[in-house]
Amino acid sequence: MKYVYDFAEGNKDLKDLLGGKGANLAEMTNLGLPVPAGFTITTQACQRYLTDGEQVEGLGAEIDEHLAALEGAMGRRLGDPADPLLVSVRSGAKFSMPGMMETVLNVGLNDESVAGLSRQAGDNDRFAWDSYRRLIQMFGKTVCDVPGEEFEDALHEAKTAKGVTDDVQLDAEDLRALVTAYKKIFSKHTGQEFPQDPREQMDLAVAAVFRSWNAERAVVYRRQERIPADLGTAVNVVAMVFGNLGPDSGTGVAFTRDPATGESGIYGDYLQNAQGEDVVAGIRNTIGLADLEGLDKKSYDELLQIMATLEGHYRDLCDIEFTIERGKLWMLQTRVGKRTAAAAFTIASQLVEEGMIDLDEALDRVTGAQLAQLMFPRFDLSGDPRPLTSGIGASPGAASGEVAFTSARAVELADEGKQVILVRRETNPDDLPGMIAAQGILTSRGGKTSHAAVVARGMGKTCVCGADALDVGRDQFTVDGQVVREGDVVSIDGTTGRVYPGSVPVRPSEVVQYFEGSLAPSTSRLVGAVDQLMTHADSLRALRVRTNADNAEDSARARRFGAQGIGLCRTEHMFLGDRRSLVERLILARTDADRDAALDALKPLQRADFLAIFREMDGLPVTIRLIDPPLHEFLPSLEELAVKVAVEHERGQTDEHDEQLLAAVRRMHEQNPMLGLRGVRLGLVIPGLFGMQVRAIAEAAVELARDGGTPHPEIMVPLVGAVQELETVRVEAARIIDEVVGDSGVDVLIGTMIEVPRAALTAGQIASAASFFSFGTNDLTQMAWGFSRDDVEGAFFWRYFELGIFGISPFESLDRDGVGRLVRIAAEEGRAARPDLKLGVCGEHGGDPDSVHFFHEVGLDYVSCSPFRVPIARLEAGRAAVESTGSDHR
Ligand code: ADP
Ligand code: MG
Ligand code: MG
């Protein structure tokens with residue numbers, strides 16, 4: 001196996017093997033740009049080193065060979081006392097990764113070669129000793145874990161002793177003394193002298209880069225960014241060039257466009273007489289790149305030309321590190337640069353205008369996650385507000401409002417027209433009305449996958465969770481001794497997790513205003529770019545995008561955002577609030593007549609709900625799920641009720657209603673409600689319940705049709721596992737529909753959710769009773785894995801992330817191997833049995849970019865997601881279409 005590549009042997013497509021830095025150094029070398037000579041030790045060598053330990057067979061010999069070639073090319077030997085070659089040893093993984101070992105510069109210097117270096121530089125002792133002290137500092141810190149502050153303190157002392165403030169004011173003697181001080185620090189911490197053998201310095205630095213792959217910060221970062229743990233890092237050994245040789249030297253960074261906005265222009269910083277990280281370390285004041293022109297016109301012109309070459313070559317924004325050594329420009333790094341979400345859209349669209357890329361590729365270069373960022377409102381922080389505390393930014397956005405500590409209070413305040421922040425220790429399904437009413441949700445417990453976080457993201461609502469410094473009480477919370485009471489105003493930032501006292505002004509997002517139809521594409525370059533790419537995505541995508549919406553307001557918004565119908569209308573929210581008492585009546589009914597009366601009271605309310613939704617979605621399909629959750633969710637909790645009844649007994653004031661309710665709650669109590677009496681099972685057990693809903697749906701549709709509308713209702717039966725369940729419901733529903741619809745011309749489809757694994761596995765049978773399948777991937781995930789979402793996230797998911805069993809929660813992004821396989825089986829077998837079967841997905845995965853790509857691959861007809869995710873799903877469905885046409889531009 002070949003472990004070492006000369007820069008001339010690599011290219012930009014070898015990032016897996018050479019890491020990003022090495023691959024791009026090779027690319028620049030082959031473009032004929034001025035890159036110092038060097039070589040790259042591969043990521044495979046690192047993988048070997050990390051699995052087999054110290055000695056990687058054959059690696060030493062290969063390094064010898066390449067070092068000899070480098071020495072030949074440079075006409076100098078590494079660390080030669082008379083005329084030393086110095087090198088930098090630089091880490092460089094496939095993905096750029098903070099937390100990895102930093103670079104060691106000036107490797108090859110020792111007590112003797114420092115004099116040789118000085119002679120090379122025209123008897124510049126100051127430069128030589130400055131380089132040596134930097135080597136000991138960087139080597140000590142990064143290779144041998146010597147605390148960096150000690151070196152910094154010593155440097156600071158040297159400056160103070162001399163009464164100067166700037167490094168460059170230290171002369172050769174000062175720096176020589178500093179080297180002595182640094183060596184002492186080094187041996188104090190390592191128990192060894194600073195290594196004088198140049199090759200030993202290099203080998204130790206290389207091994208340290210390898211090991212730094214597993215440094216804790218790197219591991220944490222990889223987990224967060226979902227970078228695989230086994231890639232390893234490459235190591236680049238590069239001949240040194242010196243920006244610290246005097247005022248005609250320096251070092252800088254540059255971008256070919258503004259990475260914040262995407263605007264073209266000259267962006268970068270330059271620092272005279274400096275080496276390496278001095279530019280970004282903020283040691284001295286840098287100058288803007290444009291001012292380099294006045295200092296060194298020749299290098300400046302060359303740099304601009306190289307930047308144009310690189311942009312033309314990479315056809316994208318590049319960032320660059322360069323050094324000027326006595327008027328000669330050297331390129332030390334380039335890569336396709338990181339950018340903000342806004343810049344990503346703007347640049348992609350500009351590059352299309354400039355003819356560098358086509359629209360397909362532009363679409364490939366932006367992501368749904370970036371679009372999501374552009375849709376969240378932001379705080380205007382120009383007043384510099386001080387945060388009260390911070391938690392986890394669980395659902396981005398910016399929200400201010402009066403604090404409410406209960407769901408009921410949040411609803412009341414909202415009804416008074418107030419903005420509300422619901423503050424809870426943690427939330428549960430009972431808090432839903434309050435969460436809907438609130439502008440934002442703040443919890444003191446739970447992480448990114450807690451109930452609050454998941455529900456808030458689904459609703460596109462701002463949420464900060466796990467703010468554990470908050471002590472949340474009944475009607476106030478305290479943080480650091482400060483008390484915030486009900487009705488006080490706070491502001492929460494769901495992106496940064498910060499919580500501010502009082503109200504911070506909010507800017508609405510331009511992009512949302514554009515989607516809402518209140519801003520024209522010509523408003524700004526960014527909006528124009530978003531419009532251009534959305535239009536292109538819509539023209540390409542095979543997947544249709546529907547929305548999950550339970551009311552007219554959400555339906556209307558989703559439609560403005562481009563929804564092509566409703567994929568999931570949950571009916572249980574329609575049983576909450578005032579209607580709870582009707583549900584109670586239904587549950588407590590002793591006779592058929594009682595029960596029918598309760599259902600009769602519910603039906604007109606339901607019909608009105610459906611009619612409002614059908615009107616908003618006139619002409620588009622609306623999938624309504626028959627009632628799904630266990631009915632006891634609509635009753636008071638067992639504990640609460642038991643206490644109430646006990647108190648009543650004690651006082652001798654027994655209440656018959658409460659007694660009956662308690663008995664019902666006891667009777668209906670379930671060990672595993674998730675697997676209990678819910679979904680289709682309710683429909684089979686409680687006579688008339690589904691029938692009432694079906695009738696309400698059909699009547700609403702007929703009413704709209706009579707008013708000249710074109711309703712397309714689709715009735716969806718939840719939790720089916722066997723065709724017989726569905727068939728029983730279907731026969732009864734079809735009878736009712738026929739009766740109601742008559743000759744009105746309204747067509748009502750009946751289909752089912754596929755959310756029980758058995759349904760997926762018997763999809764061929766089930767298709768005989770269903771006109772459509774809608775994958776309920778939330779439940780399908782719960783049941784495929786055998787864990788209850790509400791219970792597991794806090795209990796053990798953290799450990800699964802730690803062990804790498806999940807890279808991402810299977811509730812957030814579809815588990816392709818397991819749950820995805822069930823989806824595939826059901827799609828294939830369902831279609832085989834019934835070619836016109838409509839296939840969709842209505843779990844939260846419908847708005848997750850990666851999952852959307854999967855659903856495209858499987859060939860579903862549509863995805864459905866919350867209104868705010870609709871544009872994201874549209875964009876990703878377009879991207880998936882580009883991907884699958886196999887056009888490979890890069
Ligand atoms: P990072 O990945 O943190 O950017 P680099 O390997 O790019 O680390 O190096 C850190 C700094 O040292 C950069 O400013 C880089 O330009 C500079 N540098 C690296 N190698 C050399 C070299 N051979 N000669 C001069 N400067 C170098
Ligand atoms: Mg760099
Ligand atoms: Mg379900």
Side-chain angles (χ1 to χ4, degrees), residues 7 15 18-25 28-29 33-41 67 70 73-74 76 78 84-109 117 120-121 127 130-131 134-135 137-139 141-143 148 201-202 205-206 208-209 212-213 215 217-218 221 233-245 249-255 268-284 286 303 306 318-326 328-338:
F7 287 167
K15 290 198 184 69
L18 304 179
K21 200 179 285 170
N24 288 320
L25 281 167
M28 287 201 289
T29 302
L33 303 184
V35 177
F39 55 84
T40 304
I41 304 167
L67 181 59
L70 179 62
M74 303 298 293
R76 284 178 177 145
L78 182 69
L85 167 68
L86 304 187
V87 297
S88 61
V89 176
R90 316 168 67 183
S91 64
K94 177 174 181 186
F95 304 102
S96 94
M97 241 173 61
M100 296 264 310
M101 199 197 83
E102 293 143 44
T103 293
V104 184
L105 302 179
N106 308 331
V107 169
L109 272 180
L117 182 67
Q120 262 176 31
F127 156 70
D130 183 47
S131 302
R134 286 170 188 267
L135 169 64
Q137 184 166 357
M138 282 184 269
F139 189 95
K141 191 175 143 198
T142 60
V143 179
Q201 290 174 359
M202 192 179 109
V206 169
V209 173
S212 74
W213 176 257
R217 275 209 305 153
Y221 181 80
T233 178
V235 188
N236 301 287
V237 176
V238 189
M240 283 303 300
V241 292
F242 299 100
N244 54 340
L245 271 171
S249 305
T251 181
V253 295
F255 301 91
D269 299 296
Y270 182 73
L271 191 57
Q272 254 176 306
N273 199 6
Q275 190 173 49
E277 306 282 66
D278 294 358
V279 194
V280 281
I283 303 178
R284 278 179 279 145
T286 56
L303 180 65
I306 289 175
C318 294
D319 70 27
I320 288 162
E321 289 175 8
F322 66 93
T323 280
I324 296 175
E325 178 181 301
R326 296 206 157 136
K328 161 97 182 106
L329 175 68
W330 292 98
M331 302 303 295
L332 291 172
Q333 187 175 327
T334 192
R335 66 186 163 198
V336 168
K338 296 226 163 94

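Whatever order the structure lists ligands and atoms in, that order sets their numbers, starting from 1.
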N/O of [X] under 3.5 Å from N/O of ligand 1, yes or no?
X      : value
Ser91  : no
Leu332 : no
Pro36  : no
Thr103 : yes
Thr323 : no

Nearest neighbour of atom 18 (N) of ligand 1 from the list Asn106, Asn244, Leu105, on a heavy-atom basis:
Leu105
Starting from [atom], what is the nearest protein heavy atom, named by residue and atom, and what distance separates them?
atom                    : result
atom 10 (C) of ligand 1 : Glu277 OE1, 3.5 Å
atom 17 (C) of ligand 1 : Gly276 CA, 3.8 Å
atom 19 (C) of ligand 1 : Arg90 NE, 3.3 Å

When you check the side-chain N and O atoms of Ser88 and Thr103, is any donor under 3.5 Å from an acceptor?
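Thr103 and Ser88 do not have a side-chain donor-acceptor pair below 3.5 Å.
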Donor + acceptor pair across side chains of Asn273, Asn244 (<3.5 Å)
no
Within the 4.0 Å heavy-atom shell around [X], which atoms of ligand 1 are there?
X      : result
Ser88  : 19 (C), 20 (N), 21 (C), 22 (C), 23 (N)
Gln333 : 4 (O), 7 (O)
Val241 : 24 (N), 25 (C)
Val238 : 23 (N)

When you measure from the heavy atoms of Lys21 to every atom of ligand 1, does any distance fall below 4.0 Å?
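It does; at least one heavy atom falls under 4.0 Å.
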With backbone taken as N, CA, C and O and side chain as the heavy atoms from C-beta onward, which portion of Asn236 lies under 4.0 Å from ligand 1: side chain, backbone, both, or neither?
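It is neither part, as no heavy atom is under 4.0 Å.
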What part of Glu321, side chain, backbone, both or neither, has a heavy atom within less than 4.0 angstrom of ligand 1?
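Just the side chain.
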Point-to-point distance, once rounded to the nearest 0.5 Å, from [atom1] of [X] to [atom2] of [Y]:
X      : Y      : atom1 : atom2 : value
Leu332 : Thr251 : CG    : OG1   : 6.5 Å
Phe7   : Leu25  : CZ    : CG    : 4.5 Å
Gln201 : Leu86  : CD    : CG    : 9.0 Å
Asn236 : Asn24  : CG    : CG    : 10.0 Å
Gln120 : Leu245 : CD    : CG    : 9.5 Å

If you check every N/O/S atom of Glu321, which is the one nearest the Mg ion (ligand 2)?
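Closest N, O or S atom of Glu321 to the Mg ion (ligand 2): OE2.
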I want to know whether Phe127 and Phe242 have ring centres closer than 6.0 Å.
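So the answer is yes for these two rings.
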Least distance between heavy atoms, Leu105 atom then Leu135 atom
O-CD1, 3.4 Å
Is it true that some N/O/S atom of Thr103, main chain or side chain, lies under 2.8 Å from the Mg ion (ligand 2)?
no
Step through the shown structure and confirm whether more than 12 heavy atoms of other residues, nucleotides or ligands are within 6.0 Å of NZ on Lys141.
no
Within the 4.5 Å heavy-atom criterion, are Gln275 and Arg134 side-chain neighbours or not?
yes
